Asker: 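For reference, the structure I am asking about is given below.
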Protein chains: 2
Amino acid sequence: MNNLYCNNFYYNKDVLTFAFDMNNTRFATVIHILTLLARSPGQWLSSDWIAGSIHINPVIVRKELGILQERGWVTSRKGKEGGSMLDVPSDQITLADIYQVVKNANILGKKNLDPNPKCPVGKDINDELDSLFLEMDRLIGTSLQQKTLQDFVKQFD
Amino acid sequence: MNNLYCNNFYYNKDVLTFAFDMNNTRFATVIHILTLLARSPGQWLSSDWIAGSIHINPVIVRKELGILQERGWVTSRKGKEGGSMLDVPSDQITLADIYQVVKNANILGKKNLDPNPKCPVGKDINDELDSLFLEMDRLIGTSLQQKTLQDFVKQFD
DNA sequence: TAATTTGTAACAACTTATATTACATTTATG
DNA sequence: CATAAATGTAATATAAGTTGTTACAAATTA
């Protein structure tokens, strides 16, 4: 080996995950919930019933509904005849908004945590990846911003 | 509940993951490997040395190098003074090509496996999500196609 | 022949996602 | 007022996926 600038630096086992990720069904779950709510304006839909449509556990639905409440999109009501209802017109919610609610990772994946600072590539690669990941994220965001929940819901007529 | 079209269908525990995903560092790892190779044309770089720059285990590097060999981009040589070398000019490899090598999931995540076919939303939502996911994927692909490995490598001068 | 490197399998450790159980709290209604 | 039905939430279990690690055969150079 003649390029020795990476010497005196060896990997260890302290490589941790960099960030949360998109390895989940949350986008699919949340847009499904919102679609059902949007199709039944003024009605209290129960988490059990919603869960039956998505085919997942009702507790997961209630967790997502909690996040949608915080976001100001949904009101829930406890007790008999309780449930959840959409508070915002579906043309006021874009798919970019939904993406932001569930997004917690980069489109192209995660970065390695500790590239070698003594290597010209390792030293700067995470900055370059940050820049690339951000560009891709903005591309998706701009496109999803053109699509509203109402557009999505209309497809099920 | 007055919308009963989802009755007689309850979730069970057979919900499996839909596909592999992007919950990993493979894009970052592979572009790091290719960048190092591109910066040392005609030299045999060992997996240990490459791993030292990325700060990961050399076995992971060798696994990725195997995939890059299959793709026709890299030649490796066993034995003393062995290593790996880039076979293709770096302006002939686009970031879209690299994305394809490591991609095995949708940008917006996974779909729920078994939405309720008795519900108008559940029945069609995976088709609609497929369509949306594909559109987002093409958007990213088109953008990454404009960027070559050479462009990326130049950033480290 | 010795040293070095790839190729690869097998397994371990760690992380995350989702499901499940349980129960307190709230609310409508007979 | 009692009952039924629903949310909110914590705690735990199950399952899957990612990365690290160990080990060693095979290849190659000097």
Side-chain angles (χ1 to χ4, degrees), chain A residues 1 10-30 33 43-52 54-70 74-85 102 104-105 109-114, chain B residues 1 10-29 33 44-52 54-70 74-85 102 104-105 109-114:
Chain A
M1 303 299 312
Y10 300 95
Y11 69 89
N12 58 44
K13 57 178 71 173
D14 298 330
V15 177
L16 303 173
T17 56
F18 172 75
F20 296 103
D21 55 75
M22 210 65 177
N23 174 23
N24 58 40
T25 54
R26 289 192 61 212
F27 184 87
T29 298
V30 167
I33 293 171
Q43 290 180 51
W44 299 101
L45 304 188
S46 77
S47 61
D48 257 34
W49 187 83
I50 294 170
I54 309 177
H55 206 196
I56 60 172
N57 193 292
V59 177
I60 307 293
V61 173
R62 294 204 283 274
K63 280 178 186 164
E64 295 297 353
L65 283 168
I67 290 165
L68 299 177
Q69 288 160 32
E70 286 171 29
V74 163
T75 299
S76 296
R77 195 174 66 164
K78 287 184 179 178
K80 197 169 180 179
E81 307 294 306
S84 298
M85 194 183 285
V102 301
N104 46 17
K110 297 186 284 196
K111 295 175 295 189
N112 286 296
L113 189 61
D114 281 324
Chain B
M1 304 299 313
Y10 300 96
Y11 69 90
N12 58 43
K13 58 179 69 172
D14 296 332
V15 178
L16 303 172
T17 55
F18 173 74
F20 296 104
D21 54 75
M22 209 68 176
N23 175 24
N24 57 40
T25 53
R26 291 191 60 212
F27 184 88
T29 298
I33 293 171
W44 299 102
L45 304 187
S46 77
S47 60
D48 257 34
W49 186 84
I50 293 170
I54 308 177
H55 205 196
I56 60 172
N57 192 293
V59 177
I60 308 292
V61 173
R62 294 205 282 274
K63 282 178 185 166
E64 296 296 353
L65 283 168
I67 290 165
L68 298 178
Q69 287 161 34
E70 287 173 27
V74 163
T75 299
S76 295
R77 194 174 65 164
K78 287 183 178 177
K80 199 170 179 179
E81 307 295 307
S84 298
M85 194 182 285
V102 301
N104 46 17
K110 297 186 284 196
K111 295 174 295 187
N112 287 295
L113 187 62
D114 279 326

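Everything numeric here is computed off the predicted structure, so don't read it as measured data. Chain letters run A, B, ... following the sequence lines, proteins first and then strands; every chain starts at 1.
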Asker: Counting just side-chain N and O atoms, does B:Ser76 come under 4.0 Å of either OP1 or OP2 of C:dT5?
Answerer: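 The answer is no; no side-chain N or O of B:Ser76 sits under 4.0 Å from OP1 or OP2.
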Asker: At their closest point, which heavy atom of A:Ile54 faces which heavy atom of A:Thr29, and how far apart are they?
Answerer: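 For A:Ile54 versus A:Thr29, the nearest heavy atoms are CD1-O, 3.9 Å.
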Asker: Can you check whether A:Gln69 has a side-chain N or O nearer than 4.0 Å to OP1 or OP2 of D:dG8?
Answerer: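 So the side-chain polar atoms of A:Gln69 do come within 4.0 Å of the phosphate oxygens OP1 or OP2 of D:dG8, strictly under.
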Asker: Between protein and nucleic acid, restricted to nucleotides 9-11 of chain C and to nitrogen or oxygen atoms under 3.5 Å apart, what atom pairs and distances do you find?
Answerer:
none

Asker: Do nucleotides 24-30 of chain D as a string where each nucleotide becomes B, S or -: B if the base has a protein heavy atom under 4.0 Å, S if just the sugar-phosphate does, - if no protein is that close.
Answerer: ---BBB-
Asker: Taking atom CG of B:Leu65 and atom OG of B:Ser76, what is their separation to the nearest 0.5 Å?
Answerer: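 Spacing of CG (B:Leu65) from OG (B:Ser76) equals 5.0 Å.
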Asker: In whole Å, I'd like the distance from the CG atom of B:Leu45 to the C1' atom of C:dT6.
Answerer: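 It works out to 14 Å between those atoms.
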Asker: Taking the side chain as C-beta and beyond, is there a heavy-atom pair between A:Trp44 and A:Thr75 under 4.5 Å?
Answerer: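 Sidechains of A:Thr75 and A:Trp44: in contact.
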Asker: Without decimals, in angstroms, what is the distance between A:Trp49 CH2 and D:dA5 C1'?
Answerer: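 Rounding to the nearest Å, CH2 of A:Trp49 and C1' of D:dA5 are 17 Å apart.
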Asker: Looking at CZ of B:Arg62 and CG of B:Asp48, how far apart are the two atoms once the value is rounded to the nearest 0.5 Å?
Answerer: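 Going from CZ on B:Arg62 over to CG on B:Asp48, the span is 6.5 Å.
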Asker: Measure from CG on B:Leu65 to P on C:dG7 and round the result to the nearest Å.
Answerer: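 One finds 7 Å between P of C:dG7 and CG of B:Leu65, rounded.
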Asker: Roughly how many Å is it from CD1 in B:Ile56 to C1' in C:dA13, rounded to a whole number?
Answerer: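 Roughly 17 Å, once rounded to whole Å.
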Asker: Using atom NE2 of B:His55 as one end and atom C1' of D:dT19 as the other, report the distance to the nearest whole Å.
Answerer: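 Between C1' of D:dT19 and NE2 of B:His55: 14 Å.
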Asker: Just checking A:Gly83: base, sugar-phosphate only, or nothing, at a heavy-atom cut-off of under 4.0 Å?
Answerer: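 If one applies the 4.0 Å heavy-atom cut-off, A:Gly83 turns out to touch the sugar-phosphate alone, with no base involved.
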Asker: Over its full length, what angle do the end axes of the helix from C:dT1-D:dA30 to C:dG30-D:dC1 make, each axis taken from five pairs and the result rounded to 10 degrees?
Answerer: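 Axis-to-axis angle, ends of the helix: 10°.
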Asker: How close or far is atom P of D:dT7 from atom CD1 of A:Ile60, stated in whole angstroms?
Answerer: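 Those two atoms, CD1 and P, are 14 Å apart.
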Asker: Can you see if the side chain of B:Ser47 gets near the phosphate of C:dT6 - specifically, an N or O under 4.0 Å from OP1 or OP2?
Answerer: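 Answer yes for this pair, as a side-chain N or O of B:Ser47 is under 4.0 Å from OP1 or OP2.
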Asker: Taking CE from B:Met85 and C1' from C:dT5, how many angstroms apart are they, rounded to a whole number?
Answerer: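 Taking CE of B:Met85 and C1' of C:dT5, I get 14 Å after rounding.
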Asker: Please give me the minimum heavy-atom distance between A:Ala51 and A:Asn57, naming the atom from each residue.
Answerer: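 Shortest heavy-atom separation between A:Ala51 and A:Asn57 comes out as CB-C, 4.1 Å.
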Asker: Under 4.0 Å between a side-chain N/O of A:Asn57 and OP1 or OP2 of C:dT20, yes or no?
Answerer: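 So the side-chain polar atoms of A:Asn57 do come within 4.0 Å of the phosphate oxygens OP1 or OP2 of C:dT20, strictly under.
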Asker: Starting at atom CD1 of B:Ile67, determine the distance to atom P of C:dT6, rounded to an integer number of angstrom.
Answerer: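 Whole-Å distance recorded here is 16 Å.
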Asker: State the CD1-OG distance between A:Ile50 and A:Ser84, to the nearest 0.5 angstrom.
Answerer: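 Here the interatomic distance stands at 5.5 Å.
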Asker: Do side-chain atoms of B:Ser46 reach the backbone of B:Trp49 as a donor and acceptor pair under 3.5 angstrom?
Answerer: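 Yes: the side chain of B:Ser46 pairs with the backbone of B:Trp49.
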Asker: Which atom pair, heavy atoms only, marks the closest approach of A:Ile67 to A:Arg26?
Answerer: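 Looking at all heavy atoms of both residues, the shortest contact is CD1-NH2, 3.5 Å.
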Asker: Do B:Glu64 and B:Ile56 have side chains that get closer than 4.5 Å, going by heavy atoms?
Answerer: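 A side-chain contact under 4.5 Å is absent here.
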